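These values consider heavy atoms only, across backbone and side chains, with no hydrogens, waters or symmetry-generated copies. Letters go in sequence order (proteins before strands), and every chain restarts at 1. Computed from a predicted model, the values in this text were never measured in an experiment.
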There are 2 protein chains.
Amino acid sequence: MKLTIYDVAEKAGVSISTVSKVMNNQPIGKKTKQKVLKVAKELNYKPSVLASALTGKRTSTIGFLLPDISNSVIAEMARAVEDRAVEYGFNLVICSTDFKSEKEERYVSLLRQKRVDGFILAAGFRNKEVVSELLKESVPVVLLSEYHPHLSINTVTVDNFMGGYELAVHLISLGHRRIAVIAEDNSSSQERIRGYRNALQDHNLEAHEDLIVISDSSVEHAQRLAGDLLDSLHPPTAIIACNDILAVGALLGAREKNIKIPEELSITGFDNTLLSKSSDPPLTTVEIPIRSMCSLAVDLLVEEIEKRNERKQAVLMLPKLIRRESTGICPMKDRNE
Amino acid sequence: MKLTIYDVAEKAGVSISTVSKVMNNQPIGKKTKQKVLKVAKELNYKPSVLASALTGKRTSTIGFLLPDISNSVIAEMARAVEDRAVEYGFNLVICSTDFKSEKEERYVSLLRQKRVDGFILAAGFRNKEVVSELLKESVPVVLLSEYHPHLSINTVTVDNFMGGYELAVHLISLGHRRIAVIAEDNSSSQERIRGYRNALQDHNLEAHEDLIVISDSSVEHAQRLAGDLLDSLHPPTAIIACNDILAVGALLGAREKNIKIPEELSITGFDNTLLSKSSDPPLTTVEIPIRSMCSLAVDLLVEEIEKRNERKQAVLMLPKLIRRESTGICPMKDRNE
DNA sequence: GTGAAAGCGCTAACAA
DNA sequence: TTGTTAGCGCTTTCAC
């Protein structure tokens, strides 16, 4: 049978409460402490987290809800969150929600039954009611790469607006006037589009609504949409894809039509993933400070768990434009518009 | 305060054991059952998994140890494992071990303190002693994409030997004689190399040890190694990279030297990830049946947890060669050797 | 400084 | 059919 605090107590000739105190570093006579520690080591005794949590202590596990762990950007976030969490002694239970409100609700409920110490809700958590509920019952939560306005909650996001803006300005400065956008249907993309629109406006350019298209998250779909865009009567000279996967799709779509990148068409990605470095040509993209964001998210959560946080905060991190070879000056013939 | 079985019992006017029985679907009078269920719903009562686990029931969580969740192949496996686990009502706690024996040991110990119901040890779990220990104490474990010979343990792997063999045969049939290998330092790569060697042997070709190089898992390192290989006096006409990431490195290394793929050099990957489809040219690679493997691993684990498994098994799944444009016939001038 | 005992929320004999 | 009660392994007063 698994060995318990009783076994240690007996073998050390003390009471279980003494053992408990030793294991929790509470004041205890030096000699007793040594003895207990020795016995514990001999027996290879490990306290049960379950039993301890049942008396009100932590489970030392965090619920990490994300849309899809197989997505590479998300996976990278997961690793960053995990690393930081481990530093604090926490483990992660990971749940892929596929942007489904029901799944979000189910997982949160389930993990609460398992008494996780807190939640990190990442990248597109939809179910606002669940968040409010958590807040109301003062369960520690932080929103990561997702912003829910009008909610008093710790939040760490990247300035997607800025990212979209910078990308658009970069292209405009290269002479592009007809800039298309391939976006996903989520709030990050929305913000990126908003940045793009603002950049156009600041340069007195008109936004062409037909140049903004929504894709699902597959390469194939983006490829098709890019193809359509390029086949249109008045095709764009540049395409901003709202992430690197979509950008690869655009790249493939252009290659299919023998359009040269960047001579005839500029393409940009977003996220600065491995894809953007390995593609041909390498993609101009936007780097997101994933590790810092994730570390901070964990920091905020742990503060909240330890109930020593002064106040809630919403942190907006700045992205950074990475210029590579997929963008170039606009072909002369398309310069006038 | 959190509400408990006592609250439900009181409000429903029954004893806690009655409530317990209802919640666990044990035989109980229909009317009482209805009443209890109704009250439970009203109160939104959710039994504590902790307390229940403490009395000997499951925690319904599985420990999933893997080298690095940010690796895209691993992340895909994680998703597949998660999906299947959820079907059975289990959650996953994920731990990245970076192939470090100490981390493996620490995490296993920690998760056992948390009383996970079982472990899935994936892709390169090194610490054999930990595995033996687990086995000895009959903790449910399954090895995924990792094979420990001489251990009576449920295992699901892919036939890496076969993958390496097929890749080599494919290249040999294209006329290649000097085929290099860029591998990682792990057992999968070892097997793939073994397959490669066997193929050479079966075709009466000599293996050149200097053509087999070991890389870490970064694109950059593989790129450098490929460069060195190509700069050598007698460069290879084909490179088998032991995964798609390394293959992208090789691609980049060749591009750097203006070597045309596949006209002057053939390159193959392994794993059939998104990278292999999006690269230029798309990579000939080997597809691994990840989802089936992961589903099966979970099935085996759950069987073991439910103690209704007939016997342990080691399942070897077959990989599949995917031909794309990165491999071509060997240049004439290099045909003789 | 150390121990006895109550209790965390639940399950499972065993009684009634 | 339902309730009583003794744990599960630990923490935490409160005495000693």
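- For D:dC10, the OP1/OP2 oxygens have a side-chain nitrogen or oxygen of A:Y45 closer than 4.0 Å.
- With hydrogens and angles ignored, no donor-acceptor pair under 3.5 angstrom links the side chain of A:K30 to the base of C:dG1.
- A salt bridge links B:E87 with B:R84: at least one charged nitrogen is closer than 4.0 Å to a carboxylate oxygen.
- Nearer to the 5' terminus of DNA chain D, by closest-nucleotide assignment, is the contact made by A:L54 (compared with the other of A:L54 and A:K21).
- Backbone-only contact: A:V14 has heavy atoms under 4.0 Å from sugar-phosphate atoms and none from a base.
- Residue B:Q113 is classed as having no contact, given no heavy-atom separation below 4.0 Å to the nucleic acid.
- Residue A:G56 is classed as having no contact, given no heavy-atom separation below 4.0 Å to the nucleic acid.
- Where B:M23 and A:K31 meet DNA chain C, the nucleotide closest to each residue was compared, and A:K31 sits on the side nearer the 5' end.
- Within the 4.0 Å cut-off from OP1 or OP2 of D:dC10, not a single side-chain nitrogen or oxygen of A:T55 is found.
- In this structure, B:E137 pairs ionically with B:R112, as a charged nitrogen and a carboxylate oxygen lie closer than 4.0 Å.
- Residue contacts shown for B:S17 include a base, since a base heavy atom lies under 4.0 Å away.
- Remark: B:T4 is not in phosphate contact with C:dC8, judged by side-chain N or O atoms under 4.0 Å from OP1 or OP2.
- A salt bridge is absent between A:K128 and A:E133; no separation between the charged side-chain nitrogens and carboxylate oxygens falls under 4.0 Å.
- Rounded to an integer number of Å, the gap from B:I16 CD1 to D:dT1 P is 20 Å.
- Ionic pairing of A:D117 and A:K57 is not present here: no N-O contact between side-chain nitrogen and carboxylate oxygen is shorter than 4.0 angstrom.
- Residue B:I5 places its side chain closer to C:dT11 than to any other of C:dT11, C:dT2, D:dT2.
- Within 4.0 Å (heavy atoms only), B:P27 reaches no atom of the nucleic acid at all.
- One interatomic measurement links the two molecules: CZ of A:R58 to C1' of D:dC10, which rounds to 17 Å at whole-angstrom precision.
- Taking both residues in full, the closest heavy atoms of B:A78 and B:F64 are given as CA-CE2, 3.5 Å, listed atom of the first, atom of the second, then distance.
- In this structure, of C:dT11, D:dG9, C:dG9, it is D:dG9 that holds the atom nearest to the side chain of A:A51.
- At D:dC10, none of the side-chain N or O atoms of A:S20 fall inside 4.0 Å of OP1 or OP2 (strictly under the cut-off).
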